[in-house]
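We're numbering straight along the sequence, starting at 1. Predicted model, so just to flag it, every value in this text is computed and none were measured.
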Amino acid sequence: MTTAPTDALDHLAVLGDLQDQFLASIDLVDPTTPIPWCGRWRVRNLVVHLARIHHWAAGQARRRQETPLGRGPFVLTDLYASCARELRTTLADLDPSAPAWTLDDSGVAAFWRRRQTHETLVHLWDLRTAGGLPLDVPAAVWADTVDEVVTVMQPRQEQMGRMDPLAAPIELVADDTDASWLLGGPGEPAAQVTGPASALALLMWGRTRPDDAVLGVIGDRETLDEALGCRLTP
């Protein structure tokens with residue numbers, strides 16, 4: 001169950017704005033800054049990763065194998081600017097209904113407008129948070145990030161055998177939008193998590209925990225923790 005409308009967002013426009021913010025933030029953070037919630041990554045690894053993902057996604061949208069970027073070393077701002085521009089131009093040139101290689105059953109280029117919006121948003125948060133910088137993104141965009149996990153990412157992880165079905169659904173309620181979701185499919189939820197859409201999105205992507213001060217939890221905490229311990233996202 002989801003009550004989150006997603007059609008209202010112009011994903012291509014949002015993607016462009018987030019990419020611009022990411023590019024502008026690169027030089028504000030020391031490239032050796034650790035990102036502890038991403039394992040051994042440092043900021044330079046994050047920037048190269050997102051650039052490579054943009055480059056790969058542009059090829060997926062065009063149904064072409066991308067040309068490898070090589071191992072570097074890279075000038076981080078130049079690399080990211082080039083790959084962000086490639087992706088944005090590719091998606092702007094393709095009709096949203098054009099055939100594409102996708103991670104779901106839609107098979108159309110519009111998938112990549114949305115997927116790369118949320119890939120960029122989460123990593124923009126990584127970059128700016130690692131550098132102690134604030135981030136202001138509308139709640140509706142964060143709510144769509146949650147919706148993508150609930151309706152696309154988590155079901156795909158289950159289908160691919162990367163996680164077992166959840167023992168019981170988890171209800172997610174964004175108190176700054178009209179959106180709510182059942183993570184794990186229909187049924188009686190074992191727990192409910194309420195809070196801002198941004199915090200719920202970060203919870204889904206392993207960037208925060210249920211004891212975050214802005215989140216409220218009702219119900220079976222053990223089942224919730226078990227669910228969050230699964231590989232909900234790639």
Can you check ring pair (Phe, Tyr, Trp, His ring centres under 6.0 Å) on Trp101 and Trp112, steps first, answer last?
CA-CA 9 Å; Trp101 295 336; Trp112 290 109; over 10 Å; no

Is there a donor-acceptor pair under 3.5 Å between the side chain of Arg156 and the backbone N or O of Leu103?
yes

Is there a side-chain contact between Thr117 and Glu148 (heavy atoms, below 4.5 Å)?
no

So, for Ala130 and Pro34, which heavy atoms are closest and what is the spacing to 0.1 Å?
CB-O, 4.0 Å

Might you work through the side chain to side chain contact (heavy atoms under 4.5 Å, CB included) test for Leu182 and Val150, ending with a clear yes or no?
CA-CA 7 Å; Leu182 277 182; Val150 172; over 6 Å; no

Transitive ILVMFWY side-chain link Leu94 to Leu9, under 4.5 Å
no

Does the pair Leu215 and Arg209 meet the rule for a side chain to side chain contact (heavy atoms under 4.5 Å, CB included), with working shown?
CA-CA 9 Å; Leu215 294 174; Arg209 297 297 302 163; over 6 Å; no

Between Arg114 and Asp147, is a salt bridge (charged side-chain N to carboxylate O under 4.0 Å, His left out) present by the stated rule, with each step listed?
CA-CA 11 Å; Arg114 187 189 195 200; Asp147 190 82; 2.8 Å; yes

Distance col, row Thr151:OG1 vs Asp144:CG, nearest 0.5 angstrom, shows 8.0 Å

Using the rule that Ile, Leu, Val, Met, Phe, Trp and Tyr join whenever any side-chain heavy atoms are under 4.5 Å apart, tell me whether Trp181 and Ile218 fall into a single cluster.
no

When rounded to the nearest 0.5 Å, the distance separating OG1 of Thr145 from CH2 of Trp125 is 13.0 Å

Any idea which heavy atoms bring Thr177 and Ala140 closest together, and the distance?
CG2-N, 4.5 Å

Would you kindly confirm whether Leu135 and Leu23 end up in one hydrophobic cluster when ILVMFWY residues are joined by side chain heavy atoms under 4.5 Å apart?
yes

If we only count heavy atoms from C-beta on, is the Arg128 to Pro134 side-chain gap below 4.5 Å?
yes

Kindly indicate, with the supporting measurements, whether the criterion side chain to side chain contact (heavy atoms under 4.5 Å, CB included) is fulfilled by Leu232 and Met153.
CA-CA 7 Å; Leu232 299 175; Met153 290 301 185; over 6 Å; no

Would you say that Val193 contacts Leu183 through its side chain, given a criterion of any heavy-atom pair below 4.5 Å between the two side chains?
no

Nearest 0.5 Å, what's the CD-CG distance between Gln192 and Asp220?
13.5 Å

Between atom CG of Leu228 and atom CD1 of Ile170, what is the distance when rounded to the nearest 0.5 Å?
7.0 Å

His11 side-chain N/O to Arg115 backbone N/O, donor-acceptor pair under 3.5 Å:
no

Assigning hydrophobic clusters by single linkage (Ile, Leu, Val, Met, Phe, Trp, Tyr; side-chain heavy-atom cutoff under 4.5 Å), is Val29 placed with Val137?
yes

Give me the atom names and distance for the closest heavy-atom approach of Ser97 to Val108.
O-CG1, 3.6 Å

To the closest 0.5 Å, what do you measure between CZ (Arg88) and CZ (Arg113)?
12.5 Å

Would Asp126 and Arg207 count as a salt bridge (charged side-chain N to carboxylate O under 4.0 Å, His left out) here? Give the steps.
CA-CA 9 Å; Asp126 289 334; Arg207 267 59 174 183; 2.7 Å; yes

Do Gln154 and Met163 have side chains that approach each other closer than 4.5 Å (heavy atoms only, starting at C-beta)?
yes

Using 30° and 60° as the class boundaries, would you call the ring planes of His123 and His49 parallel, tilted or perpendicular?
perpendicular

So, for Leu91 and Ala109, which heavy atoms are closest and what is the spacing to 0.1 Å?
CD2-O, 4.2 Å

Would you confirm whether Gln157, through its side chain, and Arg231, through its main-chain N or O, come within 3.5 Å as a donor-acceptor pair?
yes

Nearest non-hydrogen partners of Asp176 and Ala139, listed with the distance:
OD2-CB, 3.4 Å

Give a yes or no answer on whether the side chain of Ser180 reaches the backbone of Val173 with a donor-acceptor pair at less than 3.5 Å.
no

What closest approach, in Å, do Thr33 and Asp30 show between heavy atoms, and which atom pair accounts for it?
OG1-O, 2.8 Å

How many angstroms lie between atom CG of Leu127 and atom CD1 of Ile35, to the nearest 0.5 angstrom?
7.0 Å

Do Leu202 and Leu50 sit in one hydrophobic cluster, given that two such residues count as connected whenever their side-chain heavy atoms are within less than 4.5 Å of each other, even indirectly?
yes

Trp205 and His118: CA distance, side-chain angles, deciding distance, ring pair (Phe, Tyr, Trp, His ring centres under 6.0 Å) verdict:
CA-CA 11 Å; Trp205 279 96; His118 300 307; 9.0 Å; no

Could you tell me if the side chain of Leu203 sits less than 4.5 Å from the side chain of Pro210, heavy atoms only?
yes

Residue pair Trp142, Leu200: steps toward the side chain to side chain contact (heavy atoms under 4.5 Å, CB included) verdict
CA-CA 8 Å; Trp142 283 112; Leu200 295 175; over 6 Å; no

Any chance CG of Asp20 has more than 12 other-residue heavy atoms, nucleotides or ligands included, within less than 6.0 Å?
yes

CG of Asp105: more than 12 outside heavy atoms within 6.0 angstrom?
no

More than 12 heavy atoms of other residues, nucleotides or ligands under 6.0 Å from CG of Asp136: is that the case?
no

Pair Glu86, His54 - check side-chain hydrogen bond (donor to acceptor under 3.5 Å, both in side chains), show working.
CA-CA 8 Å; Glu86 176 195 17; His54 284 343; over 6 Å; no

